[in-house]
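Keep in mind it's a predicted model, so treat the numbers as computed, not measured. Labels below follow one simple rule: chain letters A, B, ... track the order of the sequence lines, proteins then strands, and each chain is numbered from 1.
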Protein chains: 2
Amino acid sequence: MVFVPRAEGPWRAGRAGRGMGAEPKRTEEWADVTPDAARRLVTAAVAAFAERGYHATTTRDIAGRAGMSPAALYIHYRTKEDLLYRISIVGHRAALDLLRRARRPGTDPATRLADAVRAFVRWHAEHHTTARVVQYELGALGEEHYAEIVGLRRETDAEIRAVIEDGVASGDFAVPDVPGTTVAVLSLCIDVARWFNAEGKRTPDEVGELYAGLVLRMVGHRAP
Amino acid sequence: MVFVPRAEGPWRAGRAGRGMGAEPKRTEEWADVTPDAARRLVTAAVAAFAERGYHATTTRDIAGRAGMSPAALYIHYRTKEDLLYRISIVGHRAALDLLRRARRPGTDPATRLADAVRAFVRWHAEHHTTARVVQYELGALGEEHYAEIVGLRRETDAEIRAVIEDGVASGDFAVPDVPGTTVAVLSLCIDVARWFNAEGKRTPDEVGELYAGLVLRMVGHRAP
DNA sequence: CCGCGACCTGAGCAAGCGCTTAGGCGCCGG
DNA sequence: CCGGCGCCTAAGCGCTTGCTCAGGTCGCGG
């Protein structure tokens, strides 16, 4: 059933010398964050938040992983919550853009829905650390930041709902309860961030493919 | 898409006098916890952990909600983590028993799967505060406690997988990828705890019914 | 060469954390 | 009537937290 991955190795204990990026694998997601120290801090924060959760992560953790002193964090970010907020914004926008890109006109609803789910799930698997923070730590945001994120989430919701409604209108889907099914589809995709394990036997592409098929079945689409 | 509910009212600030139960609605789940103070503490902890998360909850929070001083907590529970552990055990066992009860021999796989999903989802909706703690706070458990809980989770996993395998073997289901579909079904059900809102327009029964139908579609069951 | 801004550090502050301790009340069997 | 036990509190200990601040080092334009 799906396990929260545990912290395994020792903490990147302290200093550890200058000039090394923290968790250097696939961070093109944050490539446009400057200067370099700010980028190292944000990737360190993503790793720490995903592993321990926001509240269990200390500013000393984050700074240590980025190879800096705790004080350096506050040169680039106003507060610890500000760091979470920026991660949330970037993550939500990335996921939303993915969905919007799948909405190419001229294709039938089944293709659009499958493409959307495939892309959305792929992202949640591939960037499962970022996705974990984005999906499960938003309760730690401040009031206004939280409200802003909720706005983005409503847009995401609307994107999926629109495709399902299209399919129902065209007769391609048979869905007795559109709002309920929309919630279920989104919920299914989002939860990938919780259980996906990079060391597991499935690649993000495979999970995306599997889920696209499952969702088509959920909406009562008959394979041609 | 599903929102983490926020803290709304003011904290039950302090003392507030003796003899009042904390969050007194539907706590028969903890009816066999004695003495009374221990039960008040555990229900207070469930409410607090579900609302803020384990790490953001203080022992003063919990004790305050239960109408006691912080020190009283340590008469009934060894540590704050011990409280989380007991909640986890009770919750996991309750959910697992529910699944086992749905496995009545002599019924066809589709009925068994639908019954299991209905019951499992109903529980996650009805007891969504407990379920939230059970499903999303297990990372805060200590090493041995975590291992024990993982054991219970594996049993839950096996329970659902068995029903799906039965249906595939009997030809009632058409599932290309049994392990993947098992994960997806469980994931879908578990995530109910995250988005379900007691003030929302859907009752736990309605969600259970909806999800039972969706899952039957996912496994390729043809309605009679 | 100077001076300025960008970046970083060591030291540390006030507040809050989990948890302990010493002691007090009231109910019980003897 | 009393001693012990179950249950509770006020006080506070040692430590960690998010965050600040005075000061230092570097590269660069003038």
field: Distance below 4.0 Å between Thr59(A) side-chain N/O and dG18(D) OP1 or OP2
entry: yes

- prompt: Rounded to the Å, how far apart are Tyr74(A) OH and dG12(C) C1'?
  reply: 14 Å

- request: Mind checking side chain to side chain contact (heavy atoms under 4.5 Å, CB included) for Arg78(A) and listing every partner two or more places apart, or none if nothing turns up?
  value: Asp82(A)

message: I'd like to check the ring pair (Phe, Tyr, Trp, His ring centres under 6.0 Å) partners of Tyr211(B); sequence neighbours left out, ordered by chain and number.
response: none

task: Applying side chain to side chain contact (heavy atoms under 4.5 Å, CB included), name anything that partners Thr129(B), two or more places apart in sequence or on another chain.
output: Val46(B), Ala50(B)

task: Could you tell me the separation between the CE atom of Met68(B) and the P atom of dC7(D), rounded to a whole number of Å?
output: 10 Å

task: Please collect all ring-ring contact (aromatic ring centres under 6.0 Å, His included) contacts where either partner lies in residues 69-90 of chain A, sequence neighbours excluded, each pair once.
output: Tyr85(A)-His145(A)

field: Pair listing, ring-ring contact (aromatic ring centres under 6.0 Å, His included) test, anchored in residues 31-60 of chain B, at least two apart
entry: Phe49(B)-Tyr54(B)

- request: Identify, residue by residue, the members of residues 81-89 of chain A with a heavy atom below 4.0 Å from DNA chain C, and return them in order of residue number, or none.
  value: none

message: In this structure, how many angstroms lie between the C1' atom of dC8(D) and the CG atom of Leu41(B), rounded?
response: 11 Å

message: Using whole Å, what does the distance between atom P of nucleotide dC7(D) and atom CG of Asp36(B) come to?
response: 11 Å

Identify the pairs formed between an N or O of the protein and an N or O of nucleotides 11-16 of chain D at a distance under 3.5 Å, and give each distance.
none

query: What is the distance from CG of Leu73(B) to C1' of dC19(C), rounded to the nearest Å?
result: 10 Å

Partner set under side chain to side chain contact (heavy atoms under 4.5 Å, CB included) for Arg100(B), not counting sequence neighbours: Leu96(B), Arg103(B), Glu155(B), Glu159(B)

- prompt: Which nucleotide, dC8(D), dC19(C), dG18(D), lies nearest any side-chain atom of His76(B)?
  reply: dC8(D)

query: With Arg202(B), which residues qualify under salt bridge (charged side-chain N to carboxylate O under 4.0 Å, His left out), at least two apart?
result: Asp177(A)

task: Round to a whole Å and report the spacing from CD1 of Ile75(B) to P of dT20(C).
output: 12 Å

Residues Arg93(B), Asp97(B): salt bridge by 4.0 Å N-O rule: no

query: What is the distance from OH of Tyr54(A) to P of dG18(D), rounded to the nearest Å?
result: 8 Å

